[in-house]
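Computed from heavy atoms alone, side chains included, the values below leave out hydrogens, waters and symmetry copies. One is the number of the first residue; the rest follow in order along the sequence.
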Amino acid sequence: MPAVNGKIFFVISIVIITSIFVVVVFFLKSTNTVNRLQLDQTMLKRIEYKYGLEARQRVVDWQKLIDTGKTIHEFDKLQKVNDFFNHNIVFSDDLIVWKQADYWATPCELLVKGAGDCEDYSIAKYFTLLEMGVDQTKLRITYVSMVGLNIRHMVLTYFESPHAVPLVLDNINPIIMSSKDRSDLSPVYSFNGSDLWLAKIKSSGQLVGNANQLNLWANLKQRMLEESI
């Protein structure tokens, strides 16, 4: 993304944030994730037939991760989920995987493909941790710029308490670190299933909206509900 300054950057940022916020909030909040990530044997057989045995095994291992991870300590949940997706998914651009400039995959779509970009990693980690019992208020999907590289990136951040310095779950740097130690990341905004905040990965940021809009990505919600892959 080309560098821009001052008022122009501010206006462009707000337009982008507003557009994506409407889509994302609807997707994250209106989709019922409870028990939606569990796939039956018919679906697993379909995955194996269409995508191969390795794809099926990734999904089976993911289901086991969710089932066995519900009772472990919360930080261990973060570690296991971060490691699982970082180890099992190959980073690849949407144009290569989906033949589209921008596509946000469901966790299951990501796993059967075995490849995705930073948005896909972050979304999959978000929904998996929700399914394992981590409260939504502790999790935010965070858009950042990579300092010195002028590249947009997405990570998942975890707040142990409302005003805590968050931990960063990243597909580029696989080590879970405090955001204060991630000087390579400059925050733009963050969101979860109900709210949107401007900037400040190193603190809670400024709350600027809530989930009261919907449209645009209704098809993505439908994919989450049906998981017809």
Open item on the list: Could you check whether any side-chain N or O of Glu109 sits under 3.5 Å from a backbone N or O of Thr106, counting only pairs where one atom can act as donor and the other as acceptor?
Closed with: yes
Task: Pairing residues for Asp83 by the salt bridge (Lys or Arg N to Asp or Glu O under 4.0 Å) criterion, not counting sequence neighbours - done: none
Open item on the list: With rounding to the nearest 0.5 angstrom, report the CG to CG distance, Asn88 to Leu110.
Closed with: 9.5 Å
Open item on the list: Set out, in order, the CA-CA distance, both residues' side-chain angles and the distance that settles side-chain contact (heavy atoms from CB on, under 4.5 Å) for Val144 and Ser186, then state yes or no.
Closed with: CA-CA 5 Å; Val144 299; Ser186 177; 5.9 Å; no
- [ ] Working to the nearest 0.5 Å, report the span between CZ of Arg58 and CZ of Phe84.
- [x] 8.5 Å
- [ ] Is it possible for you to say whether Tyr49 and Met43 belong to one hydrophobic cluster, with membership spreading through side-chain heavy-atom contacts below 4.5 Å?
- [x] no
TODO: Could I get the full list of salt bridge (Lys or Arg N to Asp or Glu O under 4.0 Å) partners for Glu48, not counting sequence neighbours?
DONE: Arg56
Task: Non-hydrogen atoms of Ile66 and Glu131 that approach each other most closely - done: CG2-CG, 3.5 Å
Task: Distance-minimising heavy-atom pair for Thr68 and Ile72 - done: O-CG2, 4.0 Å
Task: Validation row: Phe75, Ile176 side chains within 4.5 angstrom (heavy atoms) - done: yes
Task: Minimum-distance pair of heavy atoms, taken over all atoms of Lys80 and Leu65 - done: CB-CD1, 3.8 Å
Task: Between Tyr121 and Phe85, ring centroids under 6.0 Å - done: no
Open item on the list: side-chain contact (heavy atoms from CB on, under 4.5 Å) for Val147 and Leu185? Distances and angles first, verdict last.
Closed with: CA-CA 6 Å; Val147 176; Leu185 303 180; 5.9 Å; no
- [ ] With sequence neighbours excluded, tell me which residues meet salt bridge (Lys or Arg N to Asp or Glu O under 4.0 Å) with Glu74.
- [x] Lys138
Open item on the list: Quick check: do Leu95 and Gln100 have side-chain heavy atoms less than 4.5 Å from each other?
Closed with: no
- [ ] Considering non-hydrogen atoms only, spot the tightest contact between Asn86 and Asn171 and give its length.
- [x] OD1-CA, 3.4 Å
Open item on the list: Return the CZ to CG distance between Phe91 and Asp93, rounded to the nearest 0.5 Å.
Closed with: 6.5 Å
Open item on the list: Clusters formed by hydrophobic residues whose side-chain heavy atoms approach within less than 4.5 Å: which one holds Ile175, and what are its other members?
Closed with: Met177
Task: Lys77 and Asn82 side chains, donor-acceptor separation under 3.5 Å - done: no
- [ ] With side-chain contact (heavy atoms from CB on, under 4.5 Å) as the test, would you mind laying out the steps for His153 and Asp170 before giving the verdict?
- [x] CA-CA 9 Å; His153 184 45; Asp170 189 3; 2.7 Å; yes
- [ ] Return the minimal non-hydrogen interatomic distance between Cys108 and Ile47, and the atom names on each side.
- [x] SG-CD1, 4.2 Å
TODO: Determine whether Lys64 and Trp62 make a side-chain contact, defined as any pair of heavy atoms from C-beta on separated by less than 4.5 Å.
DONE: no
- [ ] Not counting sequence neighbours, which residues clear side chain to side chain contact (heavy atoms under 4.5 Å, CB included) with Ser92? List them please.
- [x] Ile96, Val97, Ala115
TODO: With the side chain counted from C-beta on, respond yes when Val134 and Val81 share a heavy-atom pair under 4.5 Å apart, and no when they do not.
DONE: no
Task: Any donor-acceptor pair under 3.5 Å from Arg140 side chain to Tyr158 backbone - done: no
Task: Close side-chain approach of Val155 and Leu169, heavy atoms under 4.5 Å - done: no
Task: Rounded distance [0.5 Å steps], NZ in Lys45 versus CG in Asp40 - done: 10.0 Å
Open item on the list: Just to verify, what does Asp94 make a side chain to side chain contact (heavy atoms under 4.5 Å, CB included) with, not counting sequence neighbours?
Closed with: Trp98, Asp102, Tyr103, Asp117, Glu119, Asp120
Open item on the list: Is the shortest side-chain heavy-atom distance between Tyr143 and Pro187 below 4.5 Å?
Closed with: no
Task: Under 3.5 Å side-chain donor-acceptor pair for Thr142 and Thr157 - done: yes
TODO: State, yes or no, whether a side-chain contact exists between Val188 and Ser145 at a heavy-atom distance under 4.5 Å.
DONE: yes
Task: Where Lys125 and Leu156 come nearest, the two heavy atoms and their spacing - done: CB-CD2, 3.7 Å
TODO: Scan side-chain atoms only and decide if Asp61 and Gln57 contain a donor-acceptor pair under the 3.5 Å cut-off.
DONE: yes
